[in-house]
Structures are given as structure tokens and as C-alpha cells.
Amino acid sequence: MRATVSGVDIAYEDAGRGVPLLLVHGFPLDRTMWAEQVAALAGGAGPGAPAVVSHATAGSPAGPRARVIAPDLRGFGESAAPRGPVSIETYARDAAALLDHLGIERAVVGGLSMGGYVAFAFARLWPRRVRALLLCDTRAAADTAEARRGRFDMIDLVQREGPAAVAERMLPRLFAAETFEGRPEIVERTRVAIERASVEGIAAALGALADRPDATPSLPAIACPTLFVVGEHDAIAPPAEAAAIVAEIPDARLLVVPHAGHMAPLENPGAVNAALQEFLRGLGEEPRA
Ligand code: MLT
């Protein structure tokens with residue numbers, strides 16, 4: 001599906017019925033990374049889903065259903081490229097505008113890594129619109145000076161050599177070694193998603209990542225139930241950092257996902273979907289206004 005939100009042509013998935021669940025992808029991916037969550041929670045095949053969804057990905061048949069909204073952020077997947085600089089807040093505003101377009105006031109807001117930064121910004125800007133938070137393989141801290149330099153190197157790389165070179169550099173770090181070495185179909189699917197991104201989209205996102213604020217001071221103010229999932233081998237947003245974030249959020253729980261690195265929902269969807277279904281079940285009915 002497509003919509004013009006905040007003046008930008010955005011592609012998105014809107015599948016299933018039930019509690020609205022916004023899922024924001026990581027850098028430099030797109031909404032297809034959530035295919036297994038769409039399949040399990042919304043009952044659809046999901047964007048770019050594998051032809052066969054195994055039991056490990058399916059989740060419990062008795063599990064709660066969700067209406068999964070998964071946008072391609074501007075410049076990624078099938079969404080139009082940004083025309084100038086963006087910030088993490090720009091992406092959060094796009095996501096809120098998409099929910100407005102769909103008539104959704106409150107949602108469970110989730111994101112992986114950069115998508116988690118977007119979820120933090122969304123929760124800071126519109127706490128009442130967030131029924132619950134799902135944080136996957138993400139960080140609260142801002143970039144160090146060294147990490148910022150790495151962003152500017154990567155802007156040079158994408159401008160010189162294109163998204164394929166970014167994929168080549170990033171892929172080994174995104175996965176647990178057992179995934180990278182033993183499950184080429186997942187790695188290739190992710191490479192294809194990265195290569196779909198535009199040069200402008202990747203460069204603008206790197207600027208947004210470099211300039212993002214430190215979300216740590218706002219963690220104690222997050223009042224909604226929060227589920228944090230992190231791959232046990234995540235080298236980019238490690239479990240110890242996830243535990244420190246969870247300790248700061250009043251109503252948060254942590255799942256360390258076995259056999260997974262930075263892409264836990266993709267590498268071990270069975271474990272992530274089961275935890276997400278239990279989390280959604282625990283939210284109960286939306287209180288009536
Ligand atoms: C992501 O997966 O979105 C990126 O690793 C985020 C980052 O580089 O900070």
C-alpha cells in the first residue's frame with residue numbers, strides 16, 4: 001500500500017486485525033524484515049515473506065492478532081527518497097502521520113535498532129499515543145565521536161560505490177556467526193533489502209543517526225509496558241546495554257534471544273513472536289475513553 005504522508009510517498013504494509021502494532025525497520029533495511037512477524041501476528045504472508053512459513057515462524061494459533069503497520073522509511077524499500085537532510089524525529093513524524101492517515105490514534109510502537117531510535121522519539125513526542133513499546137536490538141545512547149566519523153565514512157562509501165558496498169560492509173556485523181555462515185538465505189534476503197535503498201536515503205539516514213540525541217535521560221519517563229528483545233550475539237546493540245536500558249524503564253522486561261545477533265526478529269522469529277504474543281496478550285483490552 002502507498003500513501004502520501006508529510007508530503008512524501010510512503011510504501012507500507014497494513015495487515016491483520018486487532019491491536020495496532022507499528023513496526024519500524026532498522027538501517028539500511030526496509031519493511032520486509034518484519035515478514036515473519038506479519039505472518040504470525042496478522043495472519044498474512046507478509047511483505048517479501050518466504051513462500052513457506054514454518055512452525056517456528058508461525059507463532060501460536062491461539063495467540064492474539066494484531067493489525068501490523070510496517071512502513072518503509074523515506075529513502076528505503078519502495079518509499080520515495082528524501083530531498084534533503086532528515087532526523088530521527090522526521091521518521092517519527094512520518095510514522096505518526098501514517099497512523100493519522102489510517103485513523104489510528106494509539107498503537108503498540110516497535111522498532112529495531114534505528115527503528116528503536118524512532119520508537120524512542122515517538123514515545124517522547126506523543127506518549128499518549130503509545131499503548132506499549134517494543135524495542136528490538138536497539139540503543140539509547142547517542143553516537144560517540146568515533147561512531148560519528150564512521151557514519152561520515154559510510155556516506156562517502158554510498159555516494160562513491162552505492163548501496164551494494166554498504167551491504168558488503170554491514171552484513172557480517174548484522175548477524176550471529178551461525179546465521180551468517182549457516183543461513184545464506186537470510187543474509188541474501190537482507191542484502192536485497194539493502195540494495196533496494198536509495199543512495200539519498202542511506203546518506204540522509206546516516207546523518208540522522210550521527211545527530212540523534214541521547215535517549216537515556218528520557219527512559220525513566222516511559223510509563224507504558226515495554227518489551228525489549230535482543231539477540232544473544234548482537235554486536236551492535238549488545239545484551240548488556242539492553243539490560244541497562246530495561247533497568248531504567250519502570251515497566252520493562254527483557255528477552256535475550258538465542259541463536260540471534262542484531263537481527264533477532266529475522267534470525268529467531270519463533271522466540272521473538274512467542275514473546276511478542278505473550279506481551280500483547282498481557283496488554284488486555286484497550287480501556288474505553
Ligand atoms: C540499525 O540496525 O538500524 C543500525 O545498526 C543502527 C545504528 O547503526 O546505530
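Note that ligands are numbered from 1 as they come in the structure, with each ligand's atoms numbered from 1 the same way. Hydrogens, waters and symmetry mates are skipped; everything else that's a heavy atom, side chains included, is used.
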*Asks:* Write out all pairs satisfying ring-ring contact (aromatic ring centres under 6.0 Å, His included) with one or both partners inside residues 126-164, taking only residues at least two apart or from two chains.
*Replies:*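 ring-ring contact (aromatic ring centres under 6.0 Å, His included) check on residues 126-164 returns Phe122-Trp126.
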*Asks:* Pro163 and Ile202: which non-hydrogen atoms are nearest, and at how many Å?
*Replies:*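 For Pro163 and Ile202, the tightest heavy-atom pair comes out as CB-CD1, 3.8 Å.
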*Asks:* Sort out the contact shell of ligand 1: every protein residue with a heavy-atom distance below 4.0 Å, listed by chain and number.
*Replies:*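 Residues within 4.0 Å of ligand 1: Gly26, Phe27, Ser113, Met114, Tyr117, Arg151, Ile236, His262.
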*Asks:* In chain order, what residues pass the side chain to side chain donor-acceptor pair (under 3.5 Å) check against Arg191, with sequence neighbours excluded?
*Replies:*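 For Arg191, the residues satisfying side chain to side chain donor-acceptor pair (under 3.5 Å) (neighbours in sequence not counted) are Glu168, Glu188.
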*Asks:* Report yes if the distance between the aromatic ring centroids of His25 and Phe76 is under 6.0 Å, otherwise no.
*Replies:*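 Close enough - the centres of the two rings lie under 6.0 Å apart.
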*Asks:* Please tabulate, for the side chains in residues 206-224, all donor-acceptor contacts under 3.5 angstrom to protein atoms that are two or more places apart in sequence or on a different chain.
*Replies:*
| unit_1 | atom_1 | unit_2 | atom_2 | d |
| --- | --- | --- | --- | --- |
| Asp211 | OD1 | Arg148 | NH2 | 2.6 |
| Arg212 | NH1 | Asp143 | OD1 | 2.6 |
| Arg212 | NH1 | Leu209 | O | 3.0 |
| Arg212 | NH2 | Ala141 | O | 2.8 |
| Arg212 | NH2 | Asp143 | OD1 | 3.4 |
| Asp214 | OD1 | Thr216 | N | 2.9 |
| Asp214 | OD1 | Thr216 | OG1 | 2.6 |
| Ser218 | OG | Ala215 | O | 2.8 |

*Asks:* Could you tell me whether a side-chain N or O of Ser79 sits under 3.5 Å from a main-chain N or O of Ala11, the two making a donor and an acceptor?
*Replies:*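 Yes.
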